[in-house]
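Notes for the one structure printed next.
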2 protein chains.
Amino acid sequence: MDSKFTPGVRPLYQQVYDYLLEQVAAGTWKLGAALPSEQALGQQLGVSQGTVRKALDELASIGVMERRQGKGTFVAVNSEERSLFRFFHLCTPGGDRVTPSATGEKVTRRTATAADMAHLGLAKNAKVIEIKRVRLIEQQPIIFETIIVPATMLAGLDKRKTLPNSLYSLYHSAFGINIGSVQEELRAALADKQDRDRLSVPIGSPLLHIDRIAFGIDGTRVEWRISRCSTAHHVYSIELS
Amino acid sequence: MDSKFTPGVRPLYQQVYDYLLEQVAAGTWKLGAALPSEQALGQQLGVSQGTVRKALDELASIGVMERRQGKGTFVAVNSEERSLFRFFHLCTPGGDRVTPSATGEKVTRRTATAADMAHLGLAKNAKVIEIKRVRLIEQQPIIFETIIVPATMLAGLDKRKTLPNSLYSLYHSAFGINIGSVQEELRAALADKQDRDRLSVPIGSPLLHIDRIAFGIDGTRVEWRISRCSTAHHVYSIELS
DNA sequence: AAGTGGTCTAGACCACGTC
DNA sequence: ACGTGGTCTAGACCACTTC
C-alpha cells in the first residue's frame, strides 16, 4: 500500500505520531483497547515497522500509550484523566487525587493593567478577559482563582453562558489553542478580606498563592492565573524525577 | 574489537548508557566538550552505531547530553548545575536562579518518632539522624530545614565534621545512594517561635512549608525533609509540561 | 506454536555545519 | 567535499504472553 504520508516535509514517524494521537482523540479505540500490532500498523500506513515503533515509543513516553511485551500496545486508561490533572496539583495529604468543581464565575472584559501586560506580554491598551471563580473540593471552597487572558486571543470567551470546569479543554476545542507548558511561582500569603469572603477563612490565615503563566505549544503566553488556596486540609503535591 | 559489555544480562544500550554516564561523572570529557561520533563510540565499545544512538538519545532526553545535527554530541553544560538545581526550586520572582548556602547545622541521632516511621517506612525503635540547618540566600536566612534519614542507611553521617551544601551528592559519593525522585507536598503556614529564631521573621508571618520524601533509584525512602521558607523575596518556581 | 513488543545490527540516504 | 547527527528500512533474534 502507498504511504498515507508525505515524505520529506516532516519526519515520517512524527506524522505517524500525529495520526495516532488524532485517532486516540477521535475515539477510534476505546480507552484501554489494544492497537493493531506494529507490523499491521506499518502495513496499513505504508511505513516500516521501525518507524511505527518510534512513534509508539514517543506516545508511550508521554503517557498516551501503554506497551506490554508479549501482549501489545494499549491506549493508556489515564490518557483522559491525565489531561484533567496535568496541571492540577492539589490533593489530600495522603496523596490521593481530588476532583475540583467550579462555582460563582464572574467574567469581565477590561483594559489590561501593567501587571497583565507584564505577565502576558501585551501591548498598551490591550483588552483582557478576567474570570474570577471559586473552586470547590467536596463542596468546600478551597481555591479562589483569578484568570486573565488576552481578549483577542480568546475572542467571545466573555460572551459564553457557561464555562467548563477545565478551561484548557475549552481553549483547545473552541479556540484551537493547546496549552503546552505552564510556569508556576508559589508563595505563602495571608488571607485578606476578599479571600475571607470567597473562601470563608479568617483574615490572616495562611494561604498558598500560586501565579501561573500558561504557554501555548508555540510558546505564546495564553493565560495568567492566580490561585489562592486554603491548605488546611489539602496540599500542593508534586513528584519530580 | 570485542564488546566491553556482557550481552544478555541487561540491554546493551543500557550498559552503554551507564558507561557514558560514568564517564561524564568521572570527568572524562569537560562540560561542553564533544564526544566521539556515534560510529567511533560504537567501534570503541564493540556495539553498533544504532545501539550507541539509543543510549545517547536517552542521555539527551534527561539533559546530560546535547546533540546538534551536523556538529556532534556534547556534554550538556548544565549537567553539573542541573544536579544542584534539580530539586531546588526557590528563585527570585523574575525567575532567576539563586545559589543557597547552609549554616548552623545541628546533627543529632535519636529513635524514630511515629511521624518519622510513617514518612520513611521504618520499623519501631529504628534509629534516625536528624539535621537541622538554615539556608542562606545572599546572606539572608530564607529556609529552615529539618532533614531526617535512617541511621542504618547512612551510617556515620552524624560523625562527620562538616556537611556539604548539597547533601544528595554526599549520599551518592559517600554512601553510594542515588536520589532518583522526590515527592513534595507544599502548604502555607504561619511562623512559630522556632521559625522566628531561625529565620528572623515575626511570629505569624506566612511561610511556605514543604514536606519532601526523597526516593533512591530503587524506590527506597532515603530522606524526609521539611523546609520552611520565607517567600517575601523569593518564590518556589516550577515549570511543567 | 504463534503472536506480541524489545533489542540489535547493517546499510542507505538526508539535513546540517564546517572547511 | 566531508563528517556529523537524523531518518528510514529490512531483517534477525530474544523475552514474554497466550493458546
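To find a chain, count down the sequence lines: A is the first, B the second, and so on, and within it residues start at 1. As the structure is a prediction and not an experimental result, all values here were calculated from the model.
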Check: R135(A) side chain, N165(A) main-chain N or O, donor-acceptor pair, under 3.5 Å: yes
side-chain contact (heavy atoms from CB on, under 4.5 Å) partners for Q14(B), two or more places apart: R10(B), P11(B)
Main-chain N/O of E145(B) paired to R225(B) side chain as donor or acceptor, under 3.5 Å: no
Side chain of S37(B) only, please: which of dG6(C), dG17(C), dT4(D) is the nearest? dT4(D)
Of all the choices, dT9(D), dG6(D), dC8(C), which nucleotide is nearest to the side chain of S48(B) once you look at every atom? dC8(C)
Looking at DNA chain C, which of residues 49-58 of chain B put a heavy atom within less than 4.0 Å of it? T51(B), K54(B)
With the side chain defined as heavy atoms from C-beta on, R67(B) is closest, among dG6(D), dT7(D), dC8(C), to dG6(D)
Donor-acceptor check, side chain of R67(A) to backbone of L56(A), threshold 3.5 angstrom: yes or no? no
Consider the side chain of K71(A), meaning its heavy atoms from C-beta on, and name the nucleotide among dA15(D), dA15(C), dT18(D) that approaches it most closely. dT18(D)
Does any donor atom in the side chain of S237(B) or Q183(A) lie under 3.5 Å from an acceptor atom in the other side chain? yes
Mind grabbing the angle between the end helix axes of the helix from dA1(C)-dT18(D) to dT18(C)-dA1(D)? Five pairs an end, 10° rounding. 0°
Could you check whether any side-chain N or O of T28(A) sits under 3.5 Å from a backbone N or O of Q23(A), counting only pairs where one atom can act as donor and the other as acceptor? yes
